[in-house]
Undergrad: 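Here it is: the structure, laid out below.
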Number of protein chains: 2
Amino acid sequence: MSYPSSLTLARSSGSSVAPAEVGSDPRPPVHHDIELQPLQVDKSPEEKFREFLAIRGEKLTAPRRALVRHVFNAHKHFDADELTAELQERGEKVSRSTVYRTLRLLVEAGLLRELRLTNRTAYEHDYGYPSHDHLHCSECGTIVEFSNEDIRNLREAISRSHGFRASGHKFIITGICEACRRLRNNRRRPII
Amino acid sequence: MSYPSSLTLARSSGSSVAPAEVGSDPRPPVHHDIELQPLQVDKSPEEKFREFLAIRGEKLTAPRRALVRHVFNAHKHFDADELTAELQERGEKVSRSTVYRTLRLLVEAGLLRELRLTNRTAYEHDYGYPSHDHLHCSECGTIVEFSNEDIRNLREAISRSHGFRASGHKFIITGICEACRRLRNNRRRPII
DNA sequence: GTTCCTGCAAACCATTTGCATTGAA
DNA sequence: TTCAATGCAAATGGTTTGCAGGAAC
């Protein structure tokens, strides 16, 4: 069976260097700006999680199910407190502790990936989503995803030459996004 | 005037893919494993810091001087508490708060770079040290530095294609270092 | 002198944990 | 029926901050 992966907002996947694509308003320090196509996967995240738990003799409870469903319902970056708030707004009974505990499990299960760009840990989909890296705007905090296959090769070559066996990597490019740069320029030469 | 930069432990700088070089004991979760040549710089870190402070109308005090001297006396990764301990062992009167405050200044001044691999922030030399990236052993916590010029090009190409103006990047390869891999293998097939 | 800096202790804030209770298998 | 999960509140641990006294410019 094929899980249709109802992720939102997919764009150009870009093999060597992907074309530009920038969001409109740069003010709120929120993330997103999704560019990649979700992968077709044969099991739903929930099912995948249940299996992971079963192997360890652990249980898929109501709060865990609500959480994993909610998280994979929209493709975006989020942190523990945002998630807690969203779940509670929806009337789901999930405490902050359980959110933290479950997020840790989802990372161990390979469903989510951690991203430490600020003091709060951000999470993103790993299961059903292609390997990618991030551009991080230091002005507005926007996170843009991109995919570049050279990076993987580079990572392998470097690891090999250092006797490392790579299991993953993080490549984060920090800078100013196009929208913020334009705002800056407009401020410098204002229309009188 | 040329500052001779008394950094310790330099090794192969490696342009495209540097040769392997691995430390001996992988147990303690401490960092290091330096591979790059320090750069020749025209001002000492202390002098550079003094200038930075002067511009902002701030002062180079005794604790700050002790700190910047100590930090640039040896090339290694360290965190705030390690540094506080080392300074106090040497009889320098620097409180933890001042260490935190001064580290932040040194980052702003471009003398140090922050590295967030664990829950504690690690610091490393930026001034007088070439741009580089890191291999991080998930088993023993060792950090190995490497330098690869393709990364910079990749970063520029990707940034350009996304309308970003890059100001920096972090490329961290996670995996198992050679020493830890050997330990694992020995454990799997023990000598009876 | 004025302004900035220091140390101390307290505050902060994200995350973790102990424990009594509840619930999945 | 058993072992694990939950929620709450308290603990943790790295980092920041308010403030009164102390130093640089």
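We name chains A, B, ... by the order of the sequence lines, and we start the count at 1 in each one.
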Undergrad: Any donor-acceptor pair under 3.5 Å linking the side chain of Gln88(A) with the backbone of Val94(A)?
TA: yes
Undergrad: Distance check needed: dT15(C) C1' versus Arg96(A) CZ, whole Å only.
TA: 9 Å
Undergrad: Expressed as a whole number of angstroms, how long is the span from Ile55(A):CD1 to dA25(C):P?
TA: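 The answer, rounded to whole Å, is 15 Å.
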Undergrad: Respond yes when some side-chain nitrogen or oxygen of Tyr100(B) is under 4.0 Å from OP1 or OP2 of dT16(D), and no when none is.
TA: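 The answer is no; no side-chain N or O of Tyr100(B) sits under 4.0 Å from OP1 or OP2.
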Undergrad: Rounded to the Å, how far apart are Glu108(A) CD and dT16(C) P?
TA: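 Computing the Glu108(A):CD to dT16(C):P distance gives 11 Å.
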Undergrad: Which whole-number value in Å describes the distance from Leu53(A) CG to dA4(D) P?
TA: 13 Å
Undergrad: Hey, is the side chain of Lys59(B) pairing donor to acceptor with the base of dT3(C) inside 3.5 Å?
TA: yes
Undergrad: Quick check: on DNA chain D, is the nucleotide nearest Arg56(A) upstream (toward 5') of the one nearest Asp81(B), or the reverse? Name the residue that is more 5'.
TA: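 Looking at the nearest nucleotide for each, Arg56(A) comes out on the 5' side.
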Undergrad: Think Arg64(B) has a side-chain N or O under 4.0 angstrom from the OP1 or OP2 of dT6(C)?
TA: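 Yes, such a contact exists.
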Undergrad: Using heavy atoms to find the nearest nucleotide of DNA chain C for Lys93(B) and Arg101(A) separately, return the residue whose nucleotide is more 5′.
TA: Lys93(B)
Undergrad: Hey, can you tell me if His125(A) and Phe72(A) have their rings parallel, tilted or perpendicular (30° and 60° cut-offs)?
TA: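 Rings of His125(A) and Phe72(A): parallel, as their planes differ by under 30°.
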Undergrad: Within this structure, what is the CG-to-C1' distance between Leu106(A) and dA5(D), rounded to whole angstrom?
TA: 15 Å
Undergrad: Between dA9(C), dG7(D), dC5(C), which nucleotide has the shortest distance from any of its atoms to the side chain of Thr98(A)?
TA: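 Nearest to the side-chain atoms of Thr98(A), counting from C-beta on, is dG7(D).
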Undergrad: For Thr61(B), which contact category applies under a 4.0 Å heavy-atom criterion: base, sugar-phosphate, or nothing?
TA: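 Sugar-phosphate contact only - Thr61(B) comes under 4.0 Å of backbone atoms but never of a base.
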Undergrad: What integer distance in Å separates Arg104(A):CZ from dT6(D):C1'?
TA: 14 Å
Undergrad: Donor-acceptor pairs are to be reported for all side-chain atoms of residues 97-108 of chain A against protein atoms at under 3.5 Å, with residues two or more places apart or in another chain.
TA:
| residue | atom | partner | partner atom | Å |
| --- | --- | --- | --- | --- |
| Thr98(A) | OG1 | Ser95(A) | OG | 3.3 |
| Thr102(A) | OG1 | Thr98(A) | O | 2.6 |
| Glu108(A) | OE1 | Arg56(A) | NH1 | 2.7 |

Undergrad: Expressed in angstrom and rounded to an integer, what is the separation of Arg50(B) atom CZ from dC25(D) atom C1'?
TA: 12 Å
Undergrad: Which class fits the ring pair His132(A) and Tyr129(A): parallel under 30°, tilted 30 to 60°, perpendicular over 60°?
TA: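 Answer is perpendicular, since the angle exceeds 60°.
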Undergrad: OP1 or OP2 of dC8(C) sitting under 4.0 Å from any side-chain N/O of Ser97(B)?
TA: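 For dC8(C), neither OP1 nor OP2 has a side-chain N or O of Ser97(B) closer than 4.0 Å.
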Undergrad: Of the listed nucleotides (dT15(D), dG7(D), dG7(C)), which one gets closest to any side-chain atom of Ser95(B)?
TA: dG7(C)
Undergrad: Can you measure Leu60(A) atom CG to dC3(D) atom C1' for me and round it to whole angstrom units?
TA: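 Distance check: Leu60(A) CG to dC3(D) C1' gives 16 Å.
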Undergrad: More than 12 heavy atoms of other residues, nucleotides or ligands under 6.0 Å from CZ of Arg96(B): is that the case?
TA: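 Open: at most 12 neighbouring heavy atoms sit under 6.0 Å from CZ of Arg96(B).
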